[in-house]
K.L.:
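Before I ask anything, let me first share the structure, which is written out below as structure tokens.
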Amino acid sequence: MLEMLPRLFQPKELVCKRGSLIRLQFLKGQRAALIIGKESLAQSGNLKKIETFLSRAKLETRLIDGISGDPTGTIIEDTVAKLTDFQPDWIIAAGGGAVMDCAKLARSLYENPHLSIKDISKPFATPAAGTKAGLVLIPTTSGSGSECSHVAVVKDDDSGQKIPIVSDAFIPDLAILDATLTIHLSPEVTAYTAMDALTHAIESYCSKSNNSMTDAYALMAGRMIKAHLSVAIKEPRNIVARENLQYAARLTGVAQNLTSVGAIHAIAHAIGSKTGLPHGYANAIFLPPVLSFNAQSSPRPLEFAKHAGFRDLEELLAWVKEIMISANLSQNWLAPATKTGSQDVSNEEIAELAMKDVCMRTNPAKIEMQDMINIIAETR
Ligand SMILES: [Fe+2]
């Protein structure tokens, strides 16, 4: 019953200001494990900044790097082993949603060594965390909202299926929103991570579980993304645009935590599992056809478009396509998916997986299997 209630969890502390990464130098403790992705944090100079602040805090730091794509059970177990060896009192993750999700899951298992990923895969099955290590989440993209959410996605080692795990133990002790960390993002990553945030906003507003409070978060975020995304793509160092995208992602993280999302996410999870296509990229591709389908039986997509500052739904969908063209993103999934993974996947396989996704429960329109196949075929 408890898991059915829309409960809002917040980080104990959220710092949001350009330059707020300096908060790290005031951490109190002995040892910090720093979990990051592949090369981009070092290449942008941000890794050096983080290490400098941690050294000023006199924290012995151990780097756990190379987290890429959705964390699998194996990657999480490997991370837990490194944490257990080092015994940190802070676990700090700096990166996109996958890096932060890895840290959330690894912290839970580091603190509860008798449990496995399977044990914590039921909603709210993870015991409270924070007795051994505090969790600090620092997003370096503006999309997932994972820094403030109680969800972490794990990829099943065998099936490749993405499984969302829900726990209030995933809420960090500290979240740092420093938009200067995002000015090095490419136009492609800027566009598709923001499209993930926009999809959270739209699907939350259209969710069967929405209410007027979640609508407020979703609509404000929609306006902010419309006003600032094309600026951030054209002028990557425009800090005002970057801040607005980062705060919008945080707002949509709250909205979607309370309402869940819908069919766009269901397809994005399925196609990501089968092909490795980045989550936000998949959302961007499926946003127009799913929204058009939903609008046939629900007034909510049109309402969202108008509140976000578009004349009508068609103008919103045209804007999404313009953004994708300006960032060199394809509007069909097969070509980019071929670069990241399988070429042999069929429309039916993806549709079948998407139909089973938990996000389908809150989609505003009933989607039958054949409708799903049509949507996937239309954008192939
Ligand atoms: Fe998402």
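Heads up: numbering here begins at 1 and tracks the sequence. Computation of the quantities below employed the complete heavy-atom set of this structure, encompassing side-chain atoms and omitting hydrogens, waters and symmetry-equivalent molecules.
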K.L.:
Using a strict cut-off of less than 4.0 Å between a Lys/Arg side-chain nitrogen and an Asp/Glu carboxylate oxygen, indicate whether Arg107 and Asp173 qualify as a salt bridge.
P.N.:
yes

K.L.:
If you take all heavy atoms of Val15 and Leu174, which pair is closest and at what distance?
P.N.:
CG2-CD1, 3.7 Å

K.L.:
Can you name the nearest heavy-atom pair linking Ala365 to Asn294, along with the distance?
P.N.:
CB-OD1, 3.4 Å

K.L.:
One thing to verify: whether Lys104 and Asp101 come together as a salt bridge, which I'm taking to mean a side-chain N less than 4.0 angstrom from a carboxylate O.
P.N.:
yes

K.L.:
Looking at Gln30, I want to see if its CD is surrounded by more than 12 non-hydrogen atoms of other residues, nucleotides or ligands under 6.0 Å.
P.N.:
no

K.L.:
Would you indicate whether the side-chain heavy atoms of Ile64 and Leu83 approach each other to under 4.5 Å?
P.N.:
yes

K.L.:
Taking ring-ring contact (aromatic ring centres under 6.0 Å, His included) as the test, write out the residues that go with Tyr110, two or more places apart.
P.N.:
none

K.L.:
Are any non-hydrogen side-chain atoms of Leu185 and Thr182 less than 4.5 angstrom apart?
P.N.:
yes

K.L.:
Hey, can you tell me if His150 and Phe9 have their rings parallel, tilted or perpendicular (30° and 60° cut-offs)?
P.N.:
tilted

K.L.:
Quick one: do Arg18 and Glu243 make a salt bridge, cutoff under 4.0 Å?
P.N.:
yes

K.L.:
Minimum heavy-atom separation for Asp196 and Gly280, please, with both atom names.
P.N.:
CB-CA, 3.9 Å

K.L.:
Where do Ser330 and Ile285 come nearest, in terms of heavy atoms and distance?
P.N.:
O-CG1, 3.6 Å

K.L.:
So if you build clusters from Ile, Leu, Val, Met, Phe, Trp, Tyr with side-chain heavy-atom gaps below 4.5 Å, do Phe310 and Leu313 land together?
P.N.:
yes

K.L.:
Would a 4.5 Å heavy-atom cut-off, applied to side chains only, mark Phe286 and Ile271 as touching?
P.N.:
yes

K.L.:
Between the side chain of Asp78 and the main-chain N/O of Ile75, is any donor-acceptor distance below 3.5 Å?
P.N.:
no

K.L.:
Should Lys162 and Asp156 count as an ion pair when the cut-off is N to O under 4.0 Å?
P.N.:
no

K.L.:
Between Thr140 and Gly96, which heavy-atom pair has the shortest distance, and what is it?
P.N.:
OG1-N, 3.7 Å

K.L.:
Can you give me the closest heavy-atom contact between Ala263 and Val290, atom names plus distance?
P.N.:
CB-CG1, 3.8 Å

K.L.:
So, the side chain of Glu60 versus the backbone of Arg31: is there a donor-acceptor pair under 3.5 Å, distance only?
P.N.:
no

K.L.:
Do Ser204 and Thr259 pair up side chain to side chain, a donor and an acceptor below 3.5 Å, judged on atom types alone?
P.N.:
yes

K.L.:
Please say whether the positively charged group of Arg300, taken as NZ for Lys or CZ for Arg, lies over the ring of Tyr205, i.e. under 6.0 angstrom from the six-membered ring centre and within 45 degrees of the axis.
P.N.:
yes

K.L.:
Among pairs that include at least one residue of residues 237-276, which meet ring-ring contact (aromatic ring centres under 6.0 Å, His included), considering only residues two or more places apart or in two chains?
P.N.:
His200-His265, His265-His269, His265-His279, His269-His279

K.L.:
Evaluate the side-chain hydrogen bond (donor to acceptor under 3.5 Å, both in side chains) criterion for residues Thr180 and Arg242: first the C-alpha distance (whole Å), next the side-chain angles of each, then the deciding distance (0.1 Å), finally the verdict.
P.N.:
CA-CA 8 Å; Thr180 64; Arg242 291 295 189 184; over 6 Å; no

K.L.:
Any side-chain to backbone donor/acceptor pair from Asp85 onto Ala81? Under 3.5 Å, distance only.
P.N.:
no

K.L.:
Would you please say whether a donor-acceptor pair under 3.5 Å links the side chains of Asp157 and Thr74?
P.N.:
yes

K.L.:
Distance alone, cut at 3.5 Å: any donor-acceptor contact between the side chains of Gln370 and Asn374?
P.N.:
yes

K.L.:
Taking side chain as C-beta onward, heavy atoms only, is Ile22 less than 4.5 Å from Gln25?
P.N.:
yes

K.L.:
Is the shortest heavy-atom distance from the side chain of Asn328 to the side chain of Glu188 under 4.5 Å?
P.N.:
yes

K.L.:
Are Arg380 and Asn347 close enough that some pair of their side-chain heavy atoms sits under 4.5 Å apart?
P.N.:
yes

K.L.:
With a 4.5 Å cut-off on side-chain heavy atoms, are Ile35 and Ile92 touching?
P.N.:
no

K.L.:
For Lys48, I'd like to know if atom NZ has over 12 heavy atoms of other residues, nucleotides or ligands within 6.0 Å.
P.N.:
no

K.L.:
State, with a plain yes or no, whether a side-chain heavy atom of Ile138 is found less than 4.5 Å away from one of Asp178.
P.N.:
no

K.L.:
Does Asn112 reach the main-chain N or O of Leu115 with its side chain, forming a donor-acceptor pair under 3.5 Å?
P.N.:
no

